[in-house]
Amino acid sequence: MLRSHTCGQLRKSEIGQTVELSGWVYRRRDHGGVIFIDLRDRYGVTQIKFDVNHGSSEEIMKNADQLRSEWVINVKGKVAARPEEMINAKLGTGEIEIEAAELKILNKSKALPFELEEEKESQANEQLRLKYRFLDLRREKLQTIMKKRDEVIVAIREYFHERNFIDIQTPILANSSPEGARDYLVPSRLYPGKFYALPQAPQQFKQLLMVGGFDRYFQVAPCFRDEDPRADRHPGDFYQIDFEMSFASQEDVWAVTEPLMIQLTEKFTDKKIVAKPFPRITFQDALAKYGSDKPDLRFEMPIKPITALIKSDCGFSVFASAVKDGGVVHALKVDGGNVFTRSIIDELTELAKTKDAKGLAYIQMRPEGPASPINKFLGDELMNKIINEVGAKTGDIIFFGADKFRTVCAALGAVRSKCGELLGLKDPKKISFAWIIDFPMYSMSEIEPGKVDFEHNPFSMPSGGLEALEKEQPLNIKANQYDMACNGYEILSGAIRNHDPKIMYKAFAIAGYTKEEVDRKFGAMISAFEFGAPPHGGAAIGFDRLLMILTDCDSIRDIYAFPKDGAGRDVMMDSPSEVSPRQLKELHIKMEEK
RNA sequence: GGAGUGGUAGUUCAGUUGGUUAGAACGCUUCCCUGUCACGGAAGAGGUCGCGGGUUCGAGUCCCGUCCACUCCGCCA
């Protein structure tokens with residue numbers, strides 16, 4: 001070893017010992033006759049002193065004078081106490097320093113394309129940092145995140161192992177699944193024209209593990225989806241904490257999940273959990289009240305239906321016609337929202353429009369009385385009724401959505417989230433978990449009117465089983481399916497699965513699939529279910545998003561060692577890249593001439 | 001595929017109604033300095049103002065096009 005200790009290790013107790021350290025030159029303070037080097041590794045920083053009066057030869061002084069940022073050096077010397085008034089309280093090693101007696105330069109470094117010190121400037125452009133990710137990783141922030149990522153994974157593994165779950169790796173080369181996101185395809189060399197697909201999730205494999213008798217499975221599962229990225233969505237590959245349980249009800253899955261989330265929060269953050277046990281909100285209520293199936297519940301700010309008030313008599317044609325066409329009118333009262341300027345209201349209006357709202361009506365609760373551009377249409381009486389209904393007081397603002405139910409929810413949900421942000425209600429010291437339950441099994445197709453589609457996951461067990469499928473209106477059937485929302489992110493999704501071939505065929509039939517189609521697409525799983533599949537269910541935790549919240553990162557790229565950029569490329573390794581004609585030929589791929 | 005914001009020194013940014021030689025901080029180079037810790041001091045190097053075109057006596061600044069980045073929408077069973 002080129003070191004006897006790490007750069008974060010030495011304390012007063014080692015004073016007098018001769019030690020050997022290796023690391024990177026972090027900072028250099030050259031005083032002529034004495035040179036200080038802050039030597040850094042991932043454990044910390046130790047001050048090295050080069051001083052002719054304290055063990056450093058003329059030659060070492062000459063070499064120390066050459067040292068530059070990020071050179072890799074090896075130093076031998078004696079641990080010495082710092083004079084009382086020279087102690088650096090900011091460093092764990094701040095009470096000591098090394099009096100260098102030997103110096104070896106292990107490697108030099110070019111001047112860096114950006115600075116590593118956190119407190120200096122705002123950080124460099126992300127594209128540049130990604131190109132030199134190996135340097136960015138030296139920064140304290142990323143060192144801390146990677147360490148925490150490791151600790152969280154260890155804690156999760158321990159948690160599941162303590163409860164009899166076993167970690168099983170499922171294939172990376174798998175089959176294209178006809179539902180869901182775009183697949184990453186891998187051409188087969190031995191079977192011309194055929195392809196593997198990288199799994200979007202280990203869904204079918206974990207269900208087959210249940211059939212295989214592994215009644216409690218979990219995995220830190222790599223998942224692959226070829227979709228455009230977002231700040232909270234890494235392009236290409238990402239990780240889920242995937243788990244599945246046999247003989248389990250929804251309550252059983254929740255009972256495993258909830259303590260895990262609490263433990264991780266308490267162990268890795270100082271955030272306060274808003275509500276324990278976690279609230280359970282139906283999908284319908286979440287949409288109506290918060291305008292989202294992943295509401296940020298660090299603040300309440302509920303949306304209220306006022307359709308009933310509008311029904312009787314309303315002079316505002318936007319509201320009246322929405323109700324007449326079977327839509328709804330909802331109101332969002334924002335406490336203290338009268339501080340919003342015209343330009344902020346314009347911005348919120350644009351936001352609502354991105355969710356297909358046609359506009360964003362509002363009433364400002366000014367000190368001199370309510371003011372609204374739509375007052376002249378509403379009339380004072382109706383306006384006062386609305387103000388009364390939502391409980392608005394001076395200083396508030398009320399926003400309105402009038403349209404189809406889903407449109408109103410989405411628009412006011414986006415406005416609610418933005419208002420929470422603008423008013424500083426998204427407290428980083430708080431964390432809100434909530435179960436979103438009772439997802440509908442089906443919804444009306446948006447492409448083919450009159451046709452029924454799966455709302456979410458076709459493999460979920462419908463509530464009420466076969467009987468419900470046969471007797472209920474499809475749109476009224478709920479699925480045994482649940483998400484967990486956390487601070488506005490969907491952080492977990494799961495279900496009690498449909499393990500009964502009969503119910504499965506029926507469920508697919510309602511969505512317009514013939515038995516032959518189902519057999520062709522999900523044959524392996526369905527035929528396995530004919531051999532004594534146990535009832536089972538589970539969930540998958542979005543590990544990356546969870547880690548973003550635990551580490552207070554806004555960008556999902558910060559929590560990967562080697563992230564893709566916003567266009568799905570690795571700018572450091574330059575992937576994706578071209579391959580040789582020979583490789584293409586082996587894979588039976590002909591490139592079109594450009 | 002669409003929208004918004006941005007692109008000026010190695011990095012982060014400023015740059016006025018269009019007007020001399022495009023600035024600052026940090027970094028870098030050389031020198032000075034024996035107690036600093038974001039050390040200090042002196043001097044210096046470093047720019048195709050993303051790219052192309054246009055308007056103008058004159059463009060970093062105005063106009064058109066284009067490329068790139070980030071964020072959002074679509075998309076994500």
Side-chain angles (χ1 to χ4, degrees), chain A residues 26-40 45-54 56 61 65 68-70 80 82-91 93-94 97 99 109-132 135 177-183 200-201 203-204 223-236 238 347 350-356 410 414 417-418 439 441 443 446 453-460 479 481 490 493 495 508 511 521-522 540 542 554-555 557 565-567 569 571:
Chain A
Y26 194 37
R27 277 180 289 247
R28 177 177 65 110
R29 292 177 294 279
D30 184 348
H31 291 255
V34 61
I35 298 171
F36 296 102
I37 296 288
D38 285 345
L39 194 65
R40 186 200 74 238
V45 169
T46 298
Q47 177 164 281
I48 312 295
K49 185 177 67 169
F50 296 89
D51 185 343
V52 268
N53 298 325
H54 290 90
S56 305
M61 292 305 289
D65 194 48
R68 291 295 180 273
S69 272
E70 298 304 306
R82 295 198 194 189
E84 191 71 31
E85 63 278 17
M86 300 303 163
I87 287 171
N88 185 345
K90 278 187 271 180
L91 292 181
T93 60
E97 61 193 354
E99 294 176 340
S109 172
K110 295 204 281 192
L112 265 43
F114 54 90
E115 290 173 64
L116 301 185
E117 290 179 56
E118 301 290 334
E119 63 267 28
K120 279 255 164 85
E121 309 285 316
S122 46
Q123 61 190 6
N125 171 281
E126 189 176 40
Q127 195 74 4
L128 185 72
R129 288 187 292 120
L130 287 176
K131 184 174 178 188
Y132 295 94
L135 295 179
S177 68
E179 307 278 333
R182 211 174 284 118
D183 282 316
Q200 297 179 22
Q203 179 73 35
Q204 296 193 52
C223 303
F224 306 89
R225 291 178 195 173
D226 186 6
E227 296 294 345
D228 287 352
R230 290 289 183 274
D232 65 346
R233 205 162 77 199
H234 188 243
F238 64 100
E347 196 185 315
E350 286 309 307
L351 181 66
K353 282 181 179 169
T354 68
K355 302 290 180 182
D356 280 341
S417 173
K418 188 69 187 178
F439 278 79
M441 188 78 196
S443 62
E446 282 175 19
D453 270 345
F454 289 111
E455 164 78 18
H456 226 70
N457 185 333
F459 302 115
S460 302
Q481 190 185 323
E490 175 196 316
S493 189
F508 273 97
K521 287 173 174 170
F522 313 107
D554 294 328
S555 168
R557 291 183 284 276
D565 78 352
R569 287 168 310 185
V571 287

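It should be emphasised that the depicted structure is a prediction, and the values quoted were computed from it without experimental measurement. In what follows, chains carry the letters A, B, and so on, assigned in the order in which the sequence lines appear, proteins first and then strands, with residues in each chain numbered from 1.
- Comparing A:V34 and A:S69 along RNA chain B, the residue whose closest nucleotide (by nearest heavy atom) sits nearer the 5' end is A:S69.
- Nearest nucleotide to the A:R230 side chain, out of B:rC75, B:rA38, B:rU36: B:rC75.
- Checked by distance alone, A:R82 brings a side-chain donor or acceptor within 3.5 Å of a matching partner on the base of B:rC37.
- The side chain of A:R28 places no N or O atom within less than 4.0 Å of a non-bridging phosphate oxygen (OP1 or OP2) of B:rC39.
- Atom CG in A:L112 sits about 14 Å away from atom C1' in B:rC26, given to the nearest Å.
- Heavy atoms only, all atoms of each residue included: A:R182 and A:E227 are closest at N-OE2, 2.9 Å.
- Contact check on A:R557 versus A:E126 returns a salt bridge, with a Lys/Arg side-chain nitrogen under 4.0 Å from an Asp/Glu carboxylate oxygen.
- The gap from the P atom of B:rU61 to that of B:rC49 amounts to 10 Å, rounded to the nearest Å.
- Protein atom CD of A:E126 is 12 Å distant from nucleotide atom P of B:rU12, rounded to whole Å.
- Among the nucleotides B:rG10, B:rG35, B:rC76, the one closest to the side chain of A:P113 is B:rG10.
- For A:L135 and B:rG10, the CG to C1' distance is 13 Å, given to the nearest whole Å.
- The distance from atom CG of A:L351 to atom P of B:rG74 is 11 Å, rounded to the nearest whole Å.
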Checklist entry - Which is it for A:F36 and A:R27 under the side-chain contact (heavy atoms from CB on, under 4.5 Å) test, yes or no, and what are the steps along the way? => result CA-CA 8 Å; A:F36 296 102; A:R27 277 180 289 247; over 6 Å; no
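- Around the CZ atom of A:F224, the shell of radius 6.0 Å holds more than 12 heavy atoms that belong to other residues, nucleotides or ligands.
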Next on the checklist: With side-chain contact (heavy atoms from CB on, under 4.5 Å) as the criterion, how do A:E347 and A:E350 come out once you've worked through the C-alpha distance, each side chain's angles and the decisive distance to 0.1 Å?
Outcome noted: CA-CA 5 Å; A:E347 196 185 315; A:E350 286 309 307; 5.8 Å; no
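- Of the residues listed (A:D65, A:I35, A:D30), the one engaging A:F50 in a side chain to side chain contact (heavy atoms under 4.5 Å, CB included) is A:I35, and it is the only one.
- Below the 3.5 angstrom threshold, one finds a donor paired with an acceptor across the side chain of A:Q47 and the base of B:rU36.
- Spacing of P atoms, B:rG2 relative to B:rU8, comes out at 25 Å, to the nearest Å.
- Using C1' as the reference atom, B:rA69 and B:rU12 are 16 Å apart when rounded to the nearest Å.
- At a threshold of 4.0 Å, the pair A:R29-A:D38 counts as salt-bridged, since one of the basic side-chain nitrogens sits closer than that to a carboxylate oxygen.
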Checklist entry - In dot-bracket form, how is RNA chain B paired, counting a Watson-Crick or G-U wobble pair only if both its distances are under 3.5 Å and using | for bases paired to another strand? => result (((((((..((((.....[...)))).(((((.......))))).....(((((..]....))))))))))))....
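- Distance noted for atom C1' between B:rA9 and B:rG23: 10 Å (whole Å).
- In this structure, A:Q127 places its CD atom 13 Å from P of B:rU11, rounding to the nearest Å.
- Residue-to-nucleotide contacts include a donor-acceptor pair under 3.5 Å from the side chain of A:E97 to the base of B:rG35.
- A donor-acceptor contact under 3.5 Å is not formed by the side chain of A:R27 with the base of B:rC37.
- If you check every strand for non-hydrogen atoms under 4.0 Å, A:R557 touches sugar and phosphate atoms only.
- Relative to the side chain of A:K355, the nucleotides B:rC28, B:rC73, B:rA38 differ in distance, and B:rC73 lies closest.
- Looking only at atom types and distance, the side chain of A:Q481 has a donor-acceptor partner in the side chain of A:S460 under 3.5 Å away.
- Contact annotation: A:K418 side-chain N/O to B:rC72 OP1/OP2 distance is not under 4.0 Å.
- Minimum atom distance to the side chain of A:V52 is reached by B:rU34, of the listed B:rC37, B:rG10, B:rU34.
- Out of B:rU11, B:rG74, B:rU36, the shortest distance to the side chain of A:L128 is found at B:rU11.
- The side chain of A:R29 contributes no N or O atom lying less than 4.0 Å from OP1 or OP2 of B:rU36.
- The CG atom of A:N125 sits 19 Å away from the P atom of B:rU5 (whole-angstrom rounding).
- Between A:E85 atom CD and B:rG35 atom C1' there is a gap of 9 Å when expressed in whole angstrom units.
- The same atom, P, is picked in B:rA45 and in B:rG1; the two are 47 Å apart, to the nearest Å.
- Evaluation of A:F36 against the base of B:rU36 yields a stacking contact (centre distance < 5.5 Å, interplanar angle < 30°).
- Between the side chain of A:R68 and the base of B:rG27, no donor-acceptor pair under 3.5 Å is found.
- Across all non-hydrogen atoms, the minimal contact from A:Q127 to A:V571 is NE2-CG1, 3.2 Å.
- Counting only heavy atoms from C-beta on, A:E227 has its side chain closest to B:rC75 among B:rC75, B:rC26, B:rG35.
- Taking 4.0 angstrom as the limit, A:K49 places none of its side-chain polar atoms (N or O) nearer than this to OP1 or OP2 of B:rG35.
- Between A:K353 atom NZ and B:rG4 atom C1' the separation is 15 Å, expressed in whole Å.
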